[in-house]
Amino acid sequence: MQWPPIVKADNAQLVALVHWLERSQWLDVAALQAGQLSQLAIFLRHFERQSPWLQQRAGLHRCTVGQLCQSLEAFRQFPVTTRADVQRAGTNFHSRVVPPAHKPTAPKKTSGSTGEPVMVYRTAVNQLFWLATTLREHLWHGRDSKGRLAIVRANLPEAFDLPAWGSPVGDLFESGPFYGVPVTTDTSALVAWLRLKQPQYLLIYPGVWHAVLYQLQGKPDLPGLVQVRTIGETLSDALRSQTRDKLGITIADTYSSEEVGVIAIECPHSGLYHTMAEGLIVEVLRPDGQPCKAGEVGRVVVTDLLNFASPLVRYDIGDYAEPGPVCGCGRGLPTLKRVLGRQRGMVKLPDGRSHWPLTGFRDFSSVANITQYQLVQKSMMHRFDYQFAYYPTHIPKPASGKFEEFVCEI
């Protein structure tokens with residue numbers, strides 16, 4: 001099999017890639033790793049020519065492409081890339097020239113779970129792979145595209161009602177109505193909106209869903225809801241249990257990041273998270289840099305094999321996870337047993353309302369050269385009472401080792 005077809009996104013090519021992914025997921029571990037190493041060689045040779053940062057990085061550590069691509073063990077000679085590395089490199093981090101088949105590119109500025117803003121570029125091929133893995137997740141869970149879909153997202157400026165699902169499902173299949181509302185919507189208003197729209201499928205952040213579930217109390221009034229889909233932060237076992245006990249439905253979780261897209265999809269057979277190995281190399285590392293074994297929790301390091309604009313090579317995305325076993329579903333895609341980190345608190349207001357915090361990190365750079373930030377709510381408030389603390393290098397992490405850009409201490 002040719003490793004993921006490198007093409008621009010249109011519907012025919014998207015369908016072809018989805019069919020390819022339907023076959024590749026059943027490859028065994030050895031075949032998947034061979035494909036990753038083949039693509040890794042192409043990827044690194046490109047950036048060896050086009051990224052001054054990668055040229056210097058490999059030179060300092062005396063790594064050659066040939067050596068790094070001999071095995072995944074050999075690949076670990078390349079040092080882990082941190083957000084601070086990307087910040088310091090500036091424009092030297094990115095590719096001087098992006099292959100025409102990968103254009104256009106789009107900037108992606110993200111704070112991530114560490115509160116350290118970085119800028120990377122995503123390509124048309126990245127977009128295609130994101131669309132394909134999104135479809136993969138729908139297909140795995142056997143959703144009825146004719147059902148009503150509601151989403152609660154941070155990137156929505158206002159609520160909307162559309163006659164059909166958005167891309168990619170709405171582009172390829174007959175679909176039902178599609179509703180959206182901003183994540184900053186007050187919880188009470190959000191519950192009223194859900195009762196009005198009566199969706200069959202709901203995409204939402206775990207923290208917001210927890211608040212909604214609490215607000216519902218003993219009156220769910222959502223008889224048509226078939227499944228909740230969660231993204232964006234850690235999904236707890238407790239929230240899964242509460243959802244099942246209260247509504248009699250399941251939660252399907254997806255693990256993703258702004259920088260690399262979909263990282264892992266929850267398996268409907270086992271509940272393990274299958275990594276998207278056709279486009280990513282996902283590692284879970286101990287503090288000494290060695291791979292975690294079963295039962296160990298470590299930091300997640302990702303290499304985006306399809307991004308020929310920004311070399312996210314062994315990129316530490318700031319999350320923690322536990323590697324999983326071979327899945328009983330038969331797919332050869334590696335697994336994560338659980339994903340930790342990235343859970344933010346909800347802003348709490350004196351009148352009992354709560355909502356998801358949007359901290360406005362994209363505008364911070366226009367005020368000052370801020371490389372990391374954290375907002376902490378210490379009390380109920382009718383208005384904001386600011387107290388600032390400044391750190392010359394980085395904000396100290398809590399005892400848990402997990403930094404959160406927003407913390408509610410109430």
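Below, each value reflects all heavy atoms present in this structure, side chains not excepted, and no hydrogens, waters or symmetry copies.
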Rounded at 0.5 Å granularity, tell me how far CG in Leu37 sits from CD1 in Ile42. 11.5 Å
Considering the options Ile281, Val302, Val262, Val282, which one meets the side-chain contact (heavy atoms from CB on, under 4.5 Å) requirement together with Thr275? Val282
Is there a donor-acceptor pair under 3.5 Å between the side chain of Glu258 and the backbone N or O of Lys108? no
Any side-chain heavy atom of Tyr315 within less than 4.5 Å of one from Val120? no
Could you tell me which non-hydrogen atom of Arg314 sits nearest to which non-hydrogen atom of Thr303, and how far apart they are? N-OG1, 2.9 Å
Could you check whether atom CZ of Arg96 has more than 12 heavy atoms from other residues, nucleotides or ligands sitting under 6.0 Å from it? yes
Tell me whether the rings of Trp165 and Tyr201 are parallel (<30°), tilted (30 to 60°) or perpendicular (>60°). perpendicular
Decide, yes or no, whether a salt bridge links Glu278 with Arg23 under the criterion of side-chain N to carboxylate O below 4.0 Å. no
Contact between Val125 and Phe308 at the side-chain level, heavy atoms closer than 4.5 Å - yes or no? no
Under 3.5 Å, is there a donor-acceptor pair between the side chain of Gln77 and the main chain of Ala74? yes
Polar side-chain atom of Arg148 near backbone of Gln198 as donor-acceptor pair, under 3.5 Å: yes
Determine, stepwise, if the pair Arg83 / Asp316 fulfils side-chain contact (heavy atoms from CB on, under 4.5 Å). CA-CA 7 Å; Arg83 291 175 180 274; Asp316 185 345; over 6 Å; no
Residue pairs meeting ring pair (Phe, Tyr, Trp, His ring centres under 6.0 Å), one or both in residues 256-288, sequence neighbours left out, come to Trp140-His274
As an exercise, state the distance from NE2 of His138 to CD1 of Ile265, rounded to the nearest 0.5 Å. 9.5 Å
Side chains of Arg57 and Thr81, heavy atoms from C-beta outward: is any pair under 4.5 Å? yes
Rounded to the nearest 0.5 Å, what's the gap from CD1 on Ile249 to OG1 on Thr243? Could you check? 6.5 Å
Restricting to non-hydrogen atoms, name the atom on Gly170 and the atom on Ser175 that form the minimum distance, rounded to 0.1 Å. CA-OG, 4.0 Å
Mind checking whether Pro311 and Gln50 have side chains closer than 4.5 Å, heavy atoms only? no
Which distance, rounded to the nearest 0.5 Å, do you find between the CD1 of Ile251 and the OG of Ser236? 8.0 Å
Please test Leu139 against Glu22 for side-chain contact (heavy atoms from CB on, under 4.5 Å), starting from the C-alpha separation and ending with a verdict. CA-CA 10 Å; Leu139 292 170; Glu22 285 294 296; 4.2 Å; yes
Pairing residues for Arg244 by the side chain to side chain donor-acceptor pair (under 3.5 Å) criterion, not counting sequence neighbours: Ser241
Could you tell me if the side chain of Thr187 sits less than 4.5 Å from the side chain of Tyr214, heavy atoms only? no
Taking Leu54's backbone N and O only, do any of them form a donor-acceptor pair with Glu48's side chain (distance below 3.5 Å, no angle check)? no
Quick check against the 3.5 Å criterion: does Asn307 have a side-chain atom that pairs as donor or acceptor with the backbone of Tyr121? yes
Rounded at 0.5 Å granularity, tell me how far CZ in Arg331 sits from CG in Asp28. 15.5 Å
Could you list the donor-acceptor pairs under 3.5 angstrom formed by side chains in residues 152-162, with sequence neighbours left out?
from, atom 1, to, atom 2, distance (Å)
Asp161, OD1, Lys197, NZ, 3.4
Asp161, OD2, Lys197, NZ, 2.5

Result of checking Glu137, Arg229, Arg240 against Asp253 for side-chain contact (heavy atoms from CB on, under 4.5 Å): Arg240
Once side chain to side chain donor-acceptor pair (under 3.5 Å) is applied, do any residues pair with Lys378, and if so which ones, sequence neighbours excluded? Glu409
Is it true that a side-chain atom of Arg299 and a backbone atom of Pro287 form a donor plus acceptor pair closer than 3.5 Å? no
Go through the structure and list residues passing side chain to side chain donor-acceptor pair (under 3.5 Å) with Glu322, not counting sequence neighbours. Arg338
Test item: Thr133 side-chain N/O and Arg136 main-chain N/O as donor-acceptor pair under 3.5 Å: no
For Thr335 and Pro325, indicate whether the former's side chain and the latter's backbone hold a donor-acceptor pair under 3.5 Å. yes
Given side-chain contact (heavy atoms from CB on, under 4.5 Å), test Leu222 with Leu216 step by step and report yes or no. CA-CA 9 Å; Leu222 298 174; Leu216 288 171; 4.2 Å; yes
Nearest 0.5 Å please: distance from the CD atom of Gln33 over to the CG atom of Leu40. 12.0 Å
Start with the C-alpha distance between His46 and Ser95, add both sets of side-chain angles, then the distance that settles side chain to side chain donor-acceptor pair (under 3.5 Å), and finish with yes or no. CA-CA 8 Å; His46 166 78; Ser95 179; 3.1 Å; yes
Between Asp85 and Thr82, what is the shortest heavy-atom contact and its length? OD2-N, 2.9 Å
Would the distance check show the side chain of His141 and the main-chain N or O of Glu266 forming a donor-acceptor pair, the cut-off being under 3.5 Å? yes
For the residue pair Glu174 and Lys146, establish whether any side-chain heavy-atom pair is separated by less than 4.5 Å. yes
Report yes if the side chains of Leu21 and Leu135 come closer than 4.5 Å at any heavy-atom pair, otherwise no. no
Applying ring-ring contact (aromatic ring centres under 6.0 Å, His included), name anything that partners His210, two or more places apart in sequence or on another chain. none
When the ring planes of Phe78 and Phe75 are compared, do they come out parallel, tilted or perpendicular, using 30° and 60° as the limits? parallel
Heavy-atom pair of closest approach, residues Leu306 and Gln39: CD2-NE2, 3.9 Å
How close do Ala132 and Leu14 get, heavy atom to heavy atom, and via which atoms? N-CD1, 3.6 Å
Check: Pro334 and Val29 side chains under 4.5 Å, non-hydrogen atoms: no
How far apart are the closest heavy atoms of Leu213 and Lys246, and which atoms are they? O-NZ, 2.8 Å
Whether the side chain of Ser51 engages the backbone of Phe93 through a donor-acceptor N/O pair (distance < 3.5 Å, no angle test) should be reported. yes
Test log, rule side-chain contact (heavy atoms from CB on, under 4.5 Å), inputs Val212 and Trp209: CA-CA 5 Å; Val212 167; Trp209 175 242; 3.7 Å; yes
Less than 4.0 Å between a side-chain N and a carboxylate O, is that true for Arg122 and Asp304? yes
